[in-house]
Amino acid sequence: MNASSAPLSIVRNTSDLRARVRAWRREGQRVALVPTMGALHQGHLSLVRFAQSRADRVVVSIFVNPRQFGPAEDFSVYPRQEAQDAAALASVGCDLLYAPAVEEMYPAGFATNISVSGVSEGLCGAVRPGHFDGVATVVTKLLLQALPDLALFGEKDWQQLQVIRRVVRDLDIPVEIQGEPTMREADGLAMSSRNAYLSAEERSVAPALYRILSETAADLAAGAGTTPLLDNAKAALVAAGFESVDYLELRAADNLEPLARAERPGRLLAAARLGRARLIDNVAVAAAEYE
Ligand code: PAF
């Protein structure tokens, strides 16, 4: 682990990254990668801390990936604050920051796209066409560039986590994928770099997403069917102040198949719009006991 007062080492190309990781692995050290798009918050830092408990060295990548943003999305205004992020990473003892430029990740002539069927479909995949291709492509590249033993992702992006697990399994990428529980503010709002888009008034509405998901998940786990429970939950979100709900659905936790009731471990997932922000969240739904 890096001494927390030492400035953080930063590399910007694959060969420097690989040289550092190779040297650690030659010494028998286990290496973890935490991929991010920067604008780091406590949720990211807790991923780093968790990675430190599972590995000897932790690399964090910061790359705002253009391929996972749609043409009308927030790529150009997505918060970029590398110096602040590097200081935060140094303070928690991260060993290395990998911060490639777009040209390093996607050099002229780049023509490969990783597309995952099944788990990518519906939910955010329906509302953000091409988003999960962009995620799958960049995460595959990051894993092959860093060649870590372990890579960690937050469970807030539950569908993304299942997409990444599928890619790693399907392409035999030799890395362990570890999902970590969502970090929340005191009022339950899931930590997200995009929370910065919320006005003070919107911020006071935002925790309703987690509250309504949790209440609905409890009803589902008690044996209720999705109809009309999910419609009522969407109406409750709008009544709480959200402008619209992109989706609120019960899916199987692992392969994201739609479920009409909680007959096996599920996940209740939602995305809803509030001002400039589109908030996503999800909660576990325990399997109900049916006669
Ligand atoms: O979750 C994110 O921050 C991004 O989607 C990821 C996994 C770093 C890929 O760009």
Side-chain angles (χ1 to χ4, degrees), residues 12 14 17 32-48 50-51 58-70 73-82 84-86 88-89 94 96-102 104-106 110 112-116 119-120 123-125 127-146 148 150-168 171 173 175-184 190-197 269 271 277-282:
R12 299 195 186 273
T14 310
L17 172 66
L33 174 69
V34 180
T36 81
M37 297 205 301
L40 303 180
H41 49 66
Q42 284 305 320
H44 294 114
L45 300 185
S46 85
L47 280 179
V48 174
F50 190 77
V58 178
V59 180
V60 171
S61 64
I62 294 183
F63 179 64
V64 184
N65 173 32
R67 295 173 73 98
Q68 70 186 74
F69 289 79
E73 292 185 352
D74 55 345
F75 175 69
S76 62
V77 295
Y78 196 86
R80 288 161 172 87
Q81 46 174 62
E82 186 184 292
Q84 205 176 311
D85 288 345
L89 291 172
C94 170
L96 185 65
L97 169 59
Y98 175 47
V102 173
E104 172 70 18
M105 196 58 88
Y106 303 122
F110 186 90
T112 299
N113 184 52
I114 309 266
S115 186
V116 181
V119 286
S120 284
L123 307 171
C124 284
V127 185
R128 306 183 66 190
H131 169 68
F132 287 120
D133 285 15
V135 170
T137 303
V138 81
V139 170
T140 301
K141 282 198 62 122
L142 288 166
L143 294 176
L144 295 176
Q145 289 172 336
L150 168 77
L152 296 95
F153 299 85
E155 289 184 348
K156 183 177 79 68
D157 298 289
W158 186 267
Q159 189 177 14
Q160 166 175 283
L161 179 59
Q162 307 319 314
V163 170
I164 292 165
R165 287 192 192 286
R166 189 74 260 165
V167 173
V168 164
L171 299 184
I173 302 176
V175 63
E176 179 192 337
I177 300 298
Q178 174 80 44
E180 280 306 300
T182 303
M183 287 288 286
R184 298 185 179 280
M191 291 185 184
S192 164
S193 307
R194 288 189 170 101
N195 291 349
Y197 296 159
L269 306 104
R278 177 178 175 279
L279 302 184
I280 64 170
D281 204 347
N282 66 85

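Just follow the structure's listing: the first ligand is 1, and inside any ligand the first atom is 1.
Scanning all protein heavy atoms for the shortest distance to atom 9 (C) of ligand 1 gives Gln68 OE1, 3.3 Å.
Here the options are Leu89, Val59, Leu150, Val60, the test is side chain to side chain contact (heavy atoms under 4.5 Å, CB included), and the partner is Val34; only Val60 passes.
If you look at Thr36 next to ligand 1, the close heavy atoms, those under 4.0 Å, all belong to the backbone.
A distance of 10.0 Å separates CD of Gln159 from CG of Asn282, quoted to the nearest 0.5 Å. In this structure, OH in Tyr197 is found 3.5 Å from CG in Asp74, a value given to the nearest 0.5 Å.
The distance from ligand 1 to the heavy atoms of Val138 drops below 4.0 Å at these ligand atoms: 9 (C), 10 (O).
Checked against a 3.5 angstrom limit, the closest N/O atoms of Gln160 and ligand 1 fall inside it.
Judged by distance alone, the side chains of Tyr78 and Asn65 never bring a donor and an acceptor atom under 3.5 Å apart.
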